[in-house]
Amino acid sequence: MYSKQEDAAPAPPATGIPMNSGVGGNTYYHAGTTGFALPGQAPLAAWSTGLCNCFDDCGNCCVTCLCPCITFGQIAEIIDRGSTSCGASGALYTLIMLLTGCQCIYSCFYRAKMRAQYGLQESPCADCCVHWCCEPCALCQEYRELKKRGFDLKLGNATIHHAFMIT
């Protein structure tokens, strides 16, 4: 009538670390895609443009090279869904840059947050490595990705509220 306790598989310990789920482990590769996924999740998507395709948007490339705080502020405002302003994020980025020169540590967290929101691959390497090695290229790639997803980063918060009210 009821299954015996011996027949049931013991529950995995609650460690916060993914455990092997049987067939092929807990990470599956989906043939024909460019990413990995956990069971029941869609595979991770590739970035719409490459890291070194900065000249796909020459205007943004120039702005980012001359004043990366502007591009970072625009990205942060979209990723934070309007909870922080472009100006505040850009000012904090500039302050970190002037005081420590390690603004890439701050900006790499936004890349990770963006990848989580949109299911993007961590490529070509870890987020902090990408920002450490080529901060302008990373910011340009993130800007282009948001632009291809329909955000007008120049409008900022007005576009964010409209986009999230629809969904």
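Contacts classified as salt bridge (charged side-chain N to carboxylate O under 4.0 Å, His left out) and involving residues 85-104 (residues at least two apart or in different chains) are not found. For residues 95-136, every residue pair satisfying the disulfide bond (SG atoms under 2.5 Å apart) rule, not counting sequence neighbours, is listed here: Cys108-Cys128.
Residue Ser48 forms a side chain to side chain donor-acceptor pair (under 3.5 Å) with just one option from Arg144, Arg149, Lys148, Glu145, and that option is Glu145.
Not counting sequence neighbours, the partners of Tyr93 by the side-chain hydrogen bond (donor to acceptor under 3.5 Å, both in side chains) test are Glu135. In this structure, the side chain to side chain contact (heavy atoms under 4.5 Å, CB included) partners of Ser123, at least two apart in sequence or on a different chain, are Trp47, Gln121. For Leu146, the side chain to side chain contact (heavy atoms under 4.5 Å, CB included) partners are Ile75, Ile78, Ile79, Met114, Tyr118, Phe151, Leu153, not counting sequence neighbours. Residues passing the side chain to side chain contact (heavy atoms under 4.5 Å, CB included) test with Cys86, sequence neighbours excluded: Gln74, Glu77. Shown here are the side-chain hydrogen bond (donor to acceptor under 3.5 Å, both in side chains) partners of Glu142, two or more places apart in sequence or in another chain: Arg111, His131. Partners of Tyr110 by side-chain hydrogen bond (donor to acceptor under 3.5 Å, both in side chains), not counting sequence neighbours, listed by chain and number: Asp80. In this view, Cys52 satisfies the side chain to side chain contact (heavy atoms under 4.5 Å, CB included) rule with no residue, not counting sequence neighbours. With sequence neighbours excluded, no residue forms a side-chain hydrogen bond (donor to acceptor under 3.5 Å, both in side chains) with Thr94.
Interatomic distance, Asp57 CG to Thr71 OG1, rounded to the nearest 0.5 Å: 9.0 Å. Going from atom SG of Cys54 over to atom CG of Leu139 covers 9.5 Å, rounded to the nearest 0.5 Å.
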Please step through side chain to side chain contact (heavy atoms under 4.5 Å, CB included) for the pair Tyr106 and Leu92, ending with a clear verdict.
CA-CA 9 Å; Tyr106 179 49; Leu92 183 56; 3.3 Å; yes
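Other members of a hydrophobic cluster containing Trp132 are absent, since no ILVMFWY side chain comes under 4.5 Å of it, directly or through relayed contacts. With a 4.5 Å cut-off between side-chain heavy atoms of Ile, Leu, Val, Met, Phe, Trp and Tyr, the cluster of Ile70 takes in Val63.
Side chains of Leu44 and Leu120 form no contact here, defined as non-hydrogen atoms less than 4.5 Å apart.
Gln141 places no side-chain N or O within 3.5 Å of a backbone atom of Asn53 that could act as its donor or acceptor partner.
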